[in-house]
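Everything below concerns the one structure shown next.
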Amino acid sequence: MAQPGMPGGNFPGEDYVIRRLKDLERTVQQLAAANQLATAGIKAVPGGIVVEGSQTVNGPLTINGDSEVNGALAINGPLTLQSGIIQNDALANPVQIGTASNGLNNYAITTASTVRATVTLTVPDGFTEAVVTATATAMGQNSTATTDYLYCMAVIQGISGGELYTAAGAGLGVGLASPFQHTLTGLTGGDVVTVSVATRAGFNTWAAATANQANIYATAYFLR
């Protein structure tokens, strides 16, 4: 081996090279074992990565595959969607409409308010609210010898819309309509909404006649 001051004396010995190789090997092993992104909450898993912390993208973001958001999503800027791409029923079909009607005729009109005809509307799956519009109509012939009154009201899910009335002279026929609208909440698919028409006379029972009619027309706007 060269002595200091002699030619070749500035070159390290063979043991130096071996030490350097071992240091490099140790460094490579440490780098391979360490997760350099662990402090950011990022770890590798088979087929992808998992981000446990927050993620900020300051530039454009292009996603060519499917995406799923299981938590809250806030969009603070404009959102542009291609026409016709929304497939979710809650967005594509936010409202469903149900209609029904029923009636009764040739009955005696007593002085007690009595349901004469009823319809039912079934709540579709996935809907929780309903705006129900009902129109109750009534006609009757006053068979008594004095002026009397014919009352009519719509009833939605047991809630009365209030009575409307009209006067009828002795032996005369009259008719009227009583509209009512009510909002129902807390519904689930399969629930049944009941809508009815109730009538009565004011002072005395009116005898059964073909002119005595009660009808209910109901429309429900079901909302999610």
Side-chain angles (χ1 to χ4, degrees), residues 84 86-224:
I86 298 178
Q87 302 297 324
N88 190 297
D89 284 344
L91 297 175
N93 300 294
V95 179
Q96 283 197 25
I97 300 176
T99 61
S101 61
N102 196 13
L104 175 70
N105 64 359
N106 198 15
Y107 69 98
I109 305 176
T110 61
T111 57
S113 181
T114 304
V115 170
R116 309 298 181 179
T118 298
V119 295
T120 57
L121 300 165
T122 302
V123 179
D125 290 338
F127 290 81
T128 61
E129 298 183 9
V131 179
V132 184
T133 299
T135 300
T137 64
M139 293 187 294
Q141 183 173 359
N142 179 7
S143 61
T144 71
T146 60
T147 298
D148 205 342
Y149 295 88
L150 175 63
Y151 291 80
C152 176
M153 72 175 175
V155 183
I156 299 175
Q157 206 74 338
I159 305 298
S160 169
E163 290 183 315
L164 294 182
Y165 65 91
T166 186
L172 298 179
V174 292
L176 75 159
S178 179
F180 179 41
Q181 180 174 293
H182 185 59
T183 300
L184 302 173
T185 60
L187 303 174
T188 58
D191 287 350
V192 175
V193 177
T194 301
V195 186
S196 305
V197 53
T199 66
R200 70 180 177 92
F203 305 125
N204 299 287
T205 296
W206 299 7
T210 56
N212 296 351
Q213 300 181 23
N215 297 279
I216 184 67
Y217 307 91
T219 300
Y221 299 89
F222 295 106
L223 310 173
R224 295 185 184 274

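Since the structure is predicted, the reported quantities are computational estimates derived from the model, not experimental observations.
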Checklist entry - Are Val155 and Val197 close enough, and set up right, to give a side chain to side chain contact (heavy atoms under 4.5 Å, CB included), and what steps lead you there? => result CA-CA 6 Å; Val155 183; Val197 53; over 6 Å; no

Next on the checklist: If we count only N and O atoms by modelled type, under 3.5 Å, do the side chains of Trp206 and Asn212 hold a donor and an acceptor together?
Outcome noted: no

Item to check | Point-to-point distance, once rounded to the nearest 0.5 Å, from OG1 of Thr111 to CG of Asp148 | outcome: 9.0 Å

Checklist entry - Which distance, rounded to the nearest 0.5 Å, do you find between the CE of Met139 and the OG1 of Thr210? => result 9.5 Å

Checklist entry - Looking only at heavy atoms, what is the nearest atom pair of Leu121 and Ala100, with distance? => result CD2-CB, 3.7 Å

Checklist entry - Is there a donor-acceptor pair under 3.5 Å between the side chain of Asp191 and the backbone N or O of Val123? => result no

Checklist entry - Going through the distances and angles, do Thr199 and Tyr107 end up as a side chain to side chain donor-acceptor pair (under 3.5 Å)? => result CA-CA 11 Å; Thr199 66; Tyr107 69 98; 3.0 Å; yes

Item to check | From CZ (Phe222) to CD1 (Ile97), nearest 0.5 Å | outcome: 10.0 Å

Checklist entry - Do the rings of His182 and Phe180 sit parallel, tilted or perpendicular, given the 30° and 60° boundaries? => result parallel

Validation: residues 125-138 side-chain donor-acceptor distances under 3.5 Å, sequence neighbours left out:
{"from": "Thr133", "atom 1": "OG1", "to": "Gln181", "atom 2": "OE1", "distance (Å)": "3.1"}

Next on the checklist: Which heavy atom of Gly103 sits nearest to which heavy atom of Asn215, and what is that distance?
Outcome noted: CA-OD1, 3.4 Å

Checklist entry - Only one of Asn102, Val195, Val192 clears side chain to side chain contact (heavy atoms under 4.5 Å, CB included) with Thr120; which? => result Val192

Checklist entry - Would you call Val115 and Ser196 a side-chain contact if the rule is heavy atoms closer than 4.5 Å? => result yes

Checklist outcome for this item: Separation between OH (Tyr221) and OG1 (Thr99), nearest 0.5 Å, reads 9.5 Å

Checklist entry - Do Ser143 and Ile109 have side-chain heavy atoms sitting under 4.5 Å apart? => result no

Item to check | Side chain proximity check, Gln157 to Leu184, heavy atoms < 4.5 angstrom | outcome: yes

Checklist entry - Which atom names give the shortest non-hydrogen contact between Arg116 and Ala214, and what distance separates them? => result CB-CB, 3.6 Å

Item to check | Minimum heavy-atom distance between Ser101 and Tyr217, given as atom pair plus value | outcome: CB-CD2, 3.6 Å

Checklist entry - Measuring from Met153:CE to Ser160:OG, what's the distance to the nearest 0.5 Å? => result 4.0 Å

Item to check | Atom pair CG (Leu150) and CZ (Arg200), whose distance is rounded to the nearest 0.5 Å | outcome: 9.5 Å

Next on the checklist: Looking at every heavy atom in both Ala168 and Asn142, which two are closest together, and how far apart are they?
Outcome noted: O-ND2, 3.0 Å

Checklist entry - Closest heavy-atom contact between Ala198 and Ser113? => result CB-OG, 3.7 Å

